[in-house]
Amino acid sequence: MKRSRSSGYWVFLLPSAVLFTAVIVVPFLMNVGIGFTRWQGIGAPKWIGLDNYTRLLADERFWASFRNNVALIVAMAIIPTIIGLVLAATLFDYVGKKFGPRTASVLRAAYYLPQVLPVAVAGIVWGWIMHPQFGALNELLKLLGMEPRNWLGDPAWALPSVMAIMVWFQIGYPVVIFMSGLQRVDPALYEAAEMDGASWWRRLWHITLTQIRPEIYVVLLTCTIAALKVFGPIFVLTRGGPGGATLVPSYFSYQNFFEKANVGYGSAIATVLTLVIIMVTVFFLRIQDRES
């Protein structure tokens with residue numbers, strides 16, 4: 001009886017399995033195969049073996065794109081996780097108690113609003129704000145008596161500017177996840193700690209961090225994956241420039257695919273990026289299993 005019931009579940013999983021195979025597995029295997037060829041998108045691909053990967057290992061632009069990706073992991077995963085944790089704990093443990101849960105919910109929605117905006121819209125608006133001639137940010141600097149800057153056009157400022165934008169864009173996600181996790185924490189823990197004279201920071205460190213550790217792992221994993229495959233903001237804001245200062249592997253792959261018609265090399269870059277994402281995912285899951 002148990003076997004017949006469990007076998008019946010596979011019927012409901014079949015549509016998703018077919019869709020996953022058609023949309024994810026088959027294109028990925030085709031991409032891996034094309035990575036071993038020289039192809040311009042038309043005609044017959046020419047098999048060249050590991051030449052694309054040998055070229056990739058010696059390509060400074062490829063390694064520079066991954067260095068930029070590490071900076072974006074800091075901006076999209078580490079910094080939003082830290083700030084989001086503090087904001088979520090503040091909304092839950094202070095604002096919710098003093099001003100009511102409705103006020104905390106409104107502020108939570110306000111922090112999450114950038115996640116709702118389309119990436120193209122947010123990128124265009126930030127491009128206007130950081131415009132070197134008539135941008136609002138430079139106008140503010142002029143009012144403060146400071147020198148205006150070409151935020152997205154100067155190699156020294158382009159990547160930090162994109163990082164700041166991505167912190168703003170990403171911060172609402174951990175706030176929502178952490179506030180959801182705090183709902184399952186026993187309020188008696190906070191009350192007991194408060195009665196014992198524990199400060200807000202001590203309650204955050206000794207109670208909040210330990211109780212919502214699974215949510216922290218989820219946020220770090222999903223945000224790190226989002227940073228590794230980030231494309232839209234780079235495409236809208238800088239196109240990988242200036243001079244490759246904001247180039248990331250996903251956009252580097254896109255350049256070779258569609259701008260340079262070097263499809264085989266672009267496929268090799270995409271394959272390596274996918275393998276890196278898989279390894280990062282396995283790493284996070286193993287750490288989480290050890291902690292649980």
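Residue numbers start at 1 and run along the sequence shown.
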query = With under 30° as parallel and over 60° as perpendicular, where do the rings of Trp151 and Trp157 fit, or are they tilted in between?
reply = perpendicular

Over 12 foreign heavy atoms within 6.0 Å of CZ, Arg203 = yes

note = dist Ile269:CD1 -> Asn52:CG (nearest 0.5 Å) comes out at 8.5 Å

inquiry  = Could you check whether Arg202 pairs with Glu194 (Lys NZ or Arg NE/NH1/NH2 to Asp/Glu carboxylate O, under 4.0 Å)?
reply    = no

inquiry  = Check for me, please, whether Ile79 and Tyr111 land in the same ILVMFWY cluster - side-chain distances under 4.5 Å, paths through other members count.
reply    = yes

ask   = Applying the 4.5 Å side-chain criterion to the ILVMFWY set and letting contacts propagate, would Leu19 and Val25 be lumped into a single cluster?
value = yes

query = Do Glu147 and Lys142 have side chains that get closer than 4.5 Å, going by heavy atoms?
reply = no

query = Is it true that a side-chain atom of Thr246 and a backbone atom of Gly241 form a donor plus acceptor pair closer than 3.5 Å?
reply = yes

query = So, Trp126 side chain and Leu237 main chain: donor-acceptor pair closer than 3.5 Å or not?
reply = no

query = Are the side chain of Thr274 and the backbone N or O of Ala270 linked by a donor-acceptor pair below 3.5 Å?
reply = yes

Distance-only side-chain donor-acceptor flag, Thr222 / Tyr173, under 3.5 Å = yes

query = Would you call the rings of Phe99 and Tyr94 parallel, tilted or perpendicular, where under 30° means parallel and over 60° means perpendicular?
reply = perpendicular

ask   = With the threshold set at 4.0 Å, does a side-chain nitrogen-carboxylate oxygen contact exist between Glu215 and Arg184?
value = yes

message = I'd like to know if the side chain of Gln170 and the backbone of Cys223 have a donor-acceptor N/O pair within less than 3.5 Å.
response = no

ask   = Within a radius of less than 6.0 Å around CZ of Arg102, do more than 12 heavy atoms belonging to other residues, nucleotides or ligands occur?
value = no

task = Tell me, with the steps shown, if Tyr53 and Phe36 meet ring-ring contact (aromatic ring centres under 6.0 Å, His included).
result = CA-CA 8 Å; Tyr53 293 94; Phe36 294 105; 5.6 Å; yes

task = Would you mind reporting whether Met76 and Phe169 have side-chain heavy atoms less than 4.5 Å apart?
result = no

Heavy atoms from other residues, nucleotides or ligands near CG of Leu144 exceed 12 (cutoff 6.0 Å) = yes

request  = Working to the nearest 0.5 Å, report the span between CD1 of Ile234 and CG of Leu72.
outcome  = 5.5 Å

ask   = Just by distance, do the side chain of Asp154 and the backbone of Ala156 share a donor-acceptor pair under 3.5 Å?
value = yes

ask   = So, do Thr208 and Phe178 sit near enough that their side-chain heavy atoms are less than 4.5 Å apart?
value = no

query = Would a distance-only check, ignoring hydrogens and angles, find a side-chain to backbone donor-acceptor pair under 3.5 Å from Asn31 to Ser267?
reply = yes

task = Assign the ring pair Phe231 / Phe235 to parallel, tilted or perpendicular, where the plane angle (0 to 90°) is split at 30° and 60°.
result = parallel

query = Taking the six-membered ring of Tyr251 as reference, does the NZ or CZ atom of Arg239 fall below 6.0 Å from its centre and within a 45° cone about the axis?
reply = no

query = If you measure from the Lys or Arg side-chain nitrogens to the Asp or Glu carboxylate oxygens, is any gap between Lys97 and Asp93 under 4.0 Å?
reply = yes

inquiry  = Within the 4.5 Å heavy-atom criterion, are Asn256 and Val263 side-chain neighbours or not?
reply    = no

same_hphob_cluster(Val230, Phe62) at 4.5 Å side-chain heavy-atom cutoff = yes

ask   = Using the ring of each side chain (for Trp, its six-membered ring), is His131 parallel, tilted or perpendicular to Phe134, with breaks at 30° and 60°?
value = parallel

ask   = Is it true that atom CH2 of Trp47 has more than 12 heavy atoms of other residues, nucleotides or ligands lying nearer than 6.0 Å?
value = yes

ask   = Nearest 0.5 Å, what's the OH-OG distance between Tyr112 and Ser105?
value = 15.0 Å

ask   = Is the backbone of Gly264 close enough, under 3.5 Å, to the side chain of Thr37 for a donor and an acceptor to pair up by distance?
value = no

inquiry  = Quick check for you: to the nearest 0.5 Å, what is the distance between Ile124 atom CD1 and Ile129 atom CD1?
reply    = 12.5 Å

ask   = Taking a hydrophobic cluster as the set of Ile, Leu, Val, Met, Phe, Trp and Tyr residues connected by side-chain heavy atoms closer than 4.5 Å, whether directly or through intermediates, do Leu182 and Trp201 fall within one such cluster?
value = yes

inquiry  = Is there a path of hydrophobic side-chain contacts, each under 4.5 Å between heavy atoms of I/L/V/M/F/W/Y residues, joining Ile78 to Val70?
reply    = no

key: From Phe257 atom CZ to Phe252 atom CZ, the distance as rounded to the nearest 0.5 Å   = 12.5 Å

request  = Hey, could you give me the CG/CD distance between Asp186 and Glu191, rounded to the nearest 0.5 Å?
outcome  = 8.0 Å

task = Would you check, one step at a time, whether the test ring-ring contact (aromatic ring centres under 6.0 Å, His included) holds for Phe284 with Tyr217?
result = CA-CA 7 Å; Phe284 270 99; Tyr217 282 124; 7.3 Å; no

query = Checking Arg286 against Phe283: charged group under 6.0 Å from the ring centre and within 45 degrees of the axis?
reply = no

query = What do you reckon, is CD of Gln40 surrounded by more than 12 foreign heavy atoms closer than 6.0 Å?
reply = no

query = Is a side-chain donor or acceptor of Asn138 paired with a backbone partner of Arg149 at a separation under 3.5 angstrom?
reply = yes

